[in-house]
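Reviewing the structure listed below.
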Amino acid sequence: MASGLRIVTERVGDGAGQPVLDPDNGEELMHVQPGVSIVLGNRPPESPGTLYISTKQVVWLSDTDRAKGYAVDFVSLSLHAVSRDPDAYHSPCIYTQIETGAEELESEDSDSESDNILNLSKITEMRLVPSDPNQLDTLFAIFCECAELNPDPIEAEGEDGHNWVFSADQLEDDGGDDDSEWAIPENSSHSIGSNGNHDLAHSVVQLHINDQRFEDAEEMEQDDKNGHH
């Protein structure tokens with residue numbers, strides 16, 4: 001379940017320290033990038049710190065304030081991208097969107113940040129701005145690699161449940177007819193249902209089955225009519 005952004009105050013090691021990882025659950029440090037500013041929502045950027053990317057989470061630690069740090073699990077990141085558009089943000093950065101799990105709890109006091117109290121449950125955007133923009137592509141590649149290690153948790157239906165995820169090849173093989181209206185474009189980059197939309201995959205396959213049944217019924221009815229003439 002998405003937990004959103006959280007404050008990190010615990011560190012290990014000397015100096016600025018490093019984040020506490022969970023090796024017992026297989027967490028490994030993948031990349032360390034110094035000289036990175038963090039921008040939370042519409043707030044001004046924090047002083048540069050060090051970015052740590054593990055197989056489970058993204059952690060930013062201030063270099064000047066050992067008590068200041070932020071972390072977010074990859075399962076809470078719904079989007080990450082390289083942003084070089086000055087109209088979107090004045091510095092090249094990694095742009096991310098965060099699922100907080102508290103969207104439904106938002107109320108009229110959603111702009112309570114005016115009193116300078118940071119409400120992390122309302123932070124849904126985060127930018128990571130490296131001092132060296134040439135590192136953006138490397139950071140993005142590592143983000144992608146770690147995101148693949150943390151797929152969206154599927155609403156578990158148990159082993160008896162149906163996994164309605166079909167590739168384009170499977171649907172084309174089942175369809176048979178090349179002129180079928182359910183043909184999937186060859187360049188389709190997503191499998192139906194691969195983003196968690198299992199109901200869509202089920203509906204497509206069910207409609208295809210029903211459509212075939214209607215065709216069979218019409219052919220049988222036509223054969224019966226011809227047989228009576």
Side-chain angles (χ1 to χ4, degrees), residues 1-12 16-22 25-83 88-131 135-136 139-153 196:
M1 179 178 176
S3 58
L5 195 69
R6 62 186 185 276
I7 292 177
V8 174
T9 57
E10 188 177 359
R11 305 188 189 193
V12 294
Q18 293 188 352
V20 178
L21 303 182
D22 188 6
N25 285 326
E27 184 177 14
E28 299 178 11
L29 186 62
M30 299 289 286
H31 187 75
V32 179
Q33 185 65 50
V36 177
S37 297
I38 188 172
V39 182
L40 304 178
N42 294 323
R43 296 170 65 86
E46 302 277 359
S47 301
T50 303
L51 183 68
Y52 298 86
I53 305 175
S54 79
T55 51
K56 300 288 186 183
Q57 60 181 330
V58 178
V59 183
W60 178 89
L61 299 180
S62 170
D63 290 340
T64 57
D65 185 351
R66 195 177 170 98
K68 179 178 285 188
Y70 303 102
V72 61
D73 295 331
F74 273 103
V75 293
S76 294
L77 293 179
S78 59
L79 180 148
H80 62 273
V82 174
S83 173
Y89 193 71
H90 55 77
S91 299
C93 61
I94 296 289
Y95 169 79
T96 67
Q97 290 183 355
I98 302 172
E99 293 183 1
T100 66
E103 288 82 1
E104 300 139 1
L105 302 178
E106 291 196 3
S107 54
E108 303 151 357
D109 59 354
S110 58
D111 44 2
S112 61
E113 291 184 18
S114 58
D115 56 5
N116 291 326
I117 297 176
L118 178 60
N119 186 345
L120 294 185
S121 69
K122 305 218 188 278
I123 299 297
T124 58
E125 293 181 324
M126 176 179 72
R127 290 178 172 87
L128 300 167
V129 188
S131 56
Q135 297 299 318
L136 282 175
L139 290 174
F140 179 74
I142 296 170
F143 263 73
C144 291
E145 180 181 353
C146 293
E148 290 179 359
L149 298 175
N150 297 271
D152 291 337

Closest non-hydrogen atom pair between [X] and [Y], with its separation:
X	Y	answer
V129	S91	CG1-CB, 3.7 Å
P45	V39	CB-CG2, 3.6 Å
C93	P130	CA-CD, 4.4 Å
Q18	Y52	CG-OH, 3.8 Å
A16	R11	O-NH1, 2.5 Å
N25	K56	O-CE, 3.7 Å

If you measure from [atom1] on [X] to [atom2] on [Y], what distance do you get to the nearest 0.5 Å?
X	Y	atom1	atom2	value
L77	E99	CG	CD	9.0 Å
K122	L40	NZ	CG	15.0 Å
L51	L139	CG	CG	6.5 Å
I53	I94	CD1	CD1	8.0 Å
M30	F143	CE	CZ	12.0 Å
L120	I98	CG	CD1	9.0 Å

Q) Would you call S37 and R127 a side-chain contact if the rule is heavy atoms closer than 4.5 Å? A) no

(Q) Any non-hydrogen side-chain atom of T100 less than 4.5 Å from a side-chain atom of I123? (A) no

Q. Between the main-chain N or O of G35 and the side-chain N or O of S131, is there a donor-acceptor pair closer than 3.5 Å?
A. yes

Q) Any donor and acceptor pair, going by atom type alone, linking the side chain of T50 with main-chain N or O of P34 inside 3.5 Å? A) no

Q: Evaluate the side chain to side chain contact (heavy atoms under 4.5 Å, CB included) criterion for residues H80 and C144: first the C-alpha distance (whole Å), next the side-chain angles of each, then the deciding distance (0.1 Å), finally the verdict.
A: CA-CA 8 Å; H80 62 273; C144 291; 3.5 Å; yes

(Q) Quick one about D63 and S47 (side-chain donor to acceptor, distance below 3.5 Å, no hydrogens or angles considered), yes or no? (A) no

Q: Name the orientation class of the two ring planes belonging to Y70 and W60 (parallel below 30°, tilted from 30 to 60°, perpendicular beyond 60°).
A: parallel

Q: Evaluate the side chain to side chain contact (heavy atoms under 4.5 Å, CB included) criterion for residues F74 and T55: first the C-alpha distance (whole Å), next the side-chain angles of each, then the deciding distance (0.1 Å), finally the verdict.
A: CA-CA 8 Å; F74 273 103; T55 51; over 6 Å; no

**Q.** side chain to side chain contact (heavy atoms under 4.5 Å, CB included) between I38 and L128, worked out
**A.** CA-CA 5 Å; I38 188 172; L128 300 167; 3.9 Å; yes

(Q) Is it true that, when you exclude E28 itself, more than 12 heavy atoms of the residues, nucleotides or ligands shown sit nearer than 6.0 Å to its CD? (A) no

**Q.** salt bridge (Lys or Arg N to Asp or Glu O under 4.0 Å) partners of R6, counting only residues at least two apart
**A.** D73

